[in-house]
Amino acid sequence: MAPIQVILLLMLVRLPATLASDGLRQPGSFPGYQLPVLVLAMLVSHFLILFYIVMRARAVIRQLHLTTTSASAIAGSFDRLLPAARWATLLLTGCYLYLPAGMGGGALPAQLAAFLETTRLLKHIPLLSECIYVAPALLTWIGFWTAQYFVESAYRERLLPYRLATAQPAHDMPSLGQYLSMQVRHNFYLAVPIVLFTLLEYAAELARPRFPSAPPIAVGVAILLFLLMTPWLITCIWTTVPLAGPLRVKLDSLAAGYRLRFNNILVWKTHNAITNAAILGYLPFSRYFLMTDALLESLTDQQLEAVFAHEVGHGYHRHLWWYLAGLFSASVLTCAAADLLAGHLPEGMLQFFGGAENASMVLSLVLLVAILAVGFSFVSHRFEHQADYFAAKHMGGRVEANLESVPLPAAMALQEETVPMPPRKAGSLPASGAEMFISALDTIVDLAHRSRQHRGWMHPSVNRRVELLRELESSPVARERFERMQMRVRVCIVVFAGVAGGVACWAYL
């Protein structure tokens, strides 16, 4: 669940340390003033982006204090601005770390590496360079979240009278420190396992003189631990507590009905700021279901069951394993293809990158980002549709079971109902399984003040999800086409893995 910007940022800052240590200029070959000037320029450029976001936040807060404006539309527009601002910080970071020195970048990693080599202690600190590279973007994002905090405070204040009048739950905003801590933990949780496993590799390098096979063994152990421990680490880094009560019994029964084993169902505490649910983990002992506090208090029991069934659908169809297969194949393919391409680059481009090995690393990163941006999004959208359809079928089965206990005239009336239904209280009967899940989607969108037309990197637009569910519910032809499409997605992943293996054999054998 880490935002794609965070993943790319961590990837961006990992390579320059390796590039800078391979064939670059020796310590003392740079003027002494260049390193602080480059660092200052990097900080100032990030600050300008932050200054623009702060000015926009102040304007949004003023608009929210006007009762004639739409609070959801205003807050939603600001929320959509923040991802663009984060992309801008990523672009700036990439320019300073990868562009050649003559174009205003690139020299920063080389100069920092040269400076650290002149020190006795700092050069031995693992990941010090990466921490320095990521600091400007991280500080800027903390500034973004600070601005978002005050916008969210104004938004909650604006909605408070309405929520009280309609008997909806209302909560005070957490303190600024609690809010920023939550944002950092929710977005940068991957940094913790990355640091732990980098330290493991660093220890293996130290042990190499006595145990030559230690580094490759450490890499394998690190990958295995990453897959098994990351879900548990997430539940520790985020604030979670086990779900209890009648709802827990119902959800346990739901998962057991599909033979999906898991470790726990957890309440994800977000100070009632996030309305979401998720499934984590590949194996039963490391698999967790998360449901946020805002979700639990805002949805009816049937809507919560529909949302949980969606997450069960991801587990039932092994989506996480297909994601892992695709990601591993993409990593193998990009590394092998980059090595092949680097061997055929003109001499001028090799000098531009500082050597064939450096060119291979940069090309591998570019290719991997391109595959993730296009291929992962393509697969993720179709898997989300499949999980939606799974939840709709599950809720449809509950409707049929409930209809058997309803007198015949009332059952016929419920079956004939086809218009979208508003959210119902727990215990009432929906028109269909699809409409039950759609009502949960509608509630979540309203609470998160998101656009129904917005198409995310991992999720299709809400309008498209609703449209497809209703089409699948009403048309057997559409259902057959949908099942064939899901099979083609899996075939494409298998073929992609085969191509990646073939290219790797061509490159390395």
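In this chain, residues are counted from 1 in sequence order.
The shortest side-chain heavy-atom distance between W322 and V489 does not fall under the 4.5 Å cut-off. Proximity of S129 to Y133: side-chain heavy atoms (C-beta onward) are separated by under 4.5 Å at one or more points. Between L266 and M291, the closest side-chain pair of non-hydrogen atoms is not below 4.5 Å. E305 places a side-chain heavy atom less than 4.5 Å from the side chain of H394. Residues E384 and H314 are in side-chain contact: their nearest non-hydrogen atoms beyond the backbone lie under 4.5 Å apart. Residues L8 and W87 are in side-chain contact: their nearest non-hydrogen atoms beyond the backbone lie under 4.5 Å apart. Side-chain atoms of F188 and L138, non-hydrogen and from C-beta on, do get closer than 4.5 Å to each other. Taking 4.5 Å as the limit, every side-chain heavy atom of T93 sits out of range of all side-chain heavy atoms of Y96.
Every pair tested for salt bridge (charged side-chain N to carboxylate O under 4.0 Å, His left out) that includes a residue from residues 40-64 fails, sequence neighbours excluded, so the list is empty.
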Inset, instruction - Take S181 and R185 through the test side chain to side chain donor-acceptor pair (under 3.5 Å) and record every step on the way to the result. - result: CA-CA 6 Å; S181 172; R185 288 183 287 110; 3.1 Å; yes
Inset, instruction - Let me see the working for L333 and L367 under side chain to side chain contact (heavy atoms under 4.5 Å, CB included), right down to the final yes or no. - result: CA-CA 9 Å; L333 176 62; L367 291 173; over 6 Å; no
Inset, instruction - Evaluate the criterion salt bridge (charged side-chain N to carboxylate O under 4.0 Å, His left out) for residue pair R465 and D388; output intermediate values, then yes/no. - result: CA-CA 8 Å; R465 295 170 73 175; D388 289 349; 2.8 Å; yes
Legend entry - Chi angles and distances behind the side chain to side chain contact (heavy atoms under 4.5 Å, CB included) call for E130, L10: CA-CA 8 Å; E130 288 84 348; L10 296 176; over 6 Å; no
Inset, instruction - Evaluate the criterion salt bridge (charged side-chain N to carboxylate O under 4.0 Å, His left out) for residue pair E152 and R156; output intermediate values, then yes/no. - result: CA-CA 6 Å; E152 184 68 23; R156 288 198 187 189; 3.8 Å; yes
Legend entry - Chi angles and distances behind the side chain to side chain contact (heavy atoms under 4.5 Å, CB included) call for W321, L324: CA-CA 5 Å; W321 285 103; L324 181 62; 4.0 Å; yes
Inset, instruction - For the pair R86 and F144, evaluate side chain to side chain contact (heavy atoms under 4.5 Å, CB included) and give the outcome as yes or no after the intermediate values. - result: CA-CA 9 Å; R86 288 195 293 267; F144 294 165; 4.0 Å; yes
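A side-chain N or O of R248 and one of N264 form a donor-acceptor pair less than 3.5 Å apart.
Taking each heavy atom of V151 and A57 in turn, the nearest pair found is CG2-CB, 3.9 Å. Residues L280 and L320 approach most closely at C-CD1, 4.3 Å, considering heavy atoms. Minimum heavy-atom separation, A306 to A391: O-CB, 3.5 Å. The minimum heavy-atom distance linking L368 with S331 is given by the pair CD1-N, 4.2 Å. Heavy-atom minimum distance, A500 versus V332: O-CG1, 3.9 Å. Closest of all the heavy-atom pairs between R479 and S474 is NH1-N, 4.2 Å.
Centroid-to-centroid, the aromatic rings of Y179 and H271 stay 6.0 Å apart or farther. A centroid separation of less than 6.0 Å is found between the aromatic rings of H310 and F437. Remark: aromatic rings of Y288 and F262 are distant, center separation not under 6.0 Å. The distance between the ring centers of W141 and H46 does not fall below 6.0 angstrom. Two rings, from Y258 and F390, have their centers less than 6.0 Å apart.
Between R464 and E467, at least one side-chain N (NZ, or NE/NH1/NH2) sits under 4.0 Å from a carboxylate O, which counts as a salt bridge. A salt bridge does not link E311 to R287: none of the charged nitrogens lies less than 4.0 Å from a carboxylate oxygen.
To the nearest 0.5 Å, the span separating CZ on R488 from CZ on R481 amounts to 9.5 Å. Here CD of Q386 is found 12.0 Å from CZ of R382. Values are rounded to the nearest 0.5 Å. Summarising the geometry, atom CZ belonging to F378 is positioned 6.5 Å from atom SG belonging to C492; distances are rounded to the nearest 0.5 Å. The line from CG of L112 to CD1 of I132 is 4.5 Å long, rounded to the nearest 0.5 Å. To the nearest 0.5 Å, atoms CG (L295) and CG (N272) are separated by 11.0 Å.
Judged by distance alone, the side chain of Y149 and the main-chain N or O of P174 form a donor-acceptor pair under 3.5 Å. Checking side-chain atoms of Q303 against main-chain N and O of T300 turns up a donor-acceptor pair under 3.5 Å. Under a 3.5 Å cut-off, the side chain of H171 and the backbone N or O of A273 do not form any donor-acceptor pair. No donor-acceptor pair closer than 3.5 Å links the side chain of R80 to the backbone N or O of A75. Remark: side-chain polar atoms of S77 are paired, donor with acceptor, to backbone N or O of I74 under 3.5 angstrom. With hydrogens and angles ignored, the 3.5 Å screen pairs a side-chain donor or acceptor of S45 with a backbone N or O of M42. Not one N or O on the side chain of W238 forms a donor-acceptor pair closer than 3.5 Å with the backbone of W268. Distance alone, capped at 3.5 Å, places no donor-acceptor pair between the S475 side chain and the L472 backbone. When atom types are taken as modelled, the side chain of R470 and the backbone of V466 share no donor-acceptor pair closer than 3.5 angstrom. Counting only distance, with no hydrogens or angles, the side chain of S286 and the backbone of G281 share no donor-acceptor pair below 3.5 Å.
Around the CH2 atom of W145, the shell of radius 6.0 Å holds more than 12 heavy atoms that belong to other residues, nucleotides or ligands. The number of heavy-atom neighbours closer than 6.0 Å to OH of Y316, taken from other residues, nucleotides and ligands shown, is 12 or below.
Applying the side chain to side chain contact (heavy atoms under 4.5 Å, CB included) rule to A497 yields the partners S329; only residues at least two apart in sequence or on another chain are considered.
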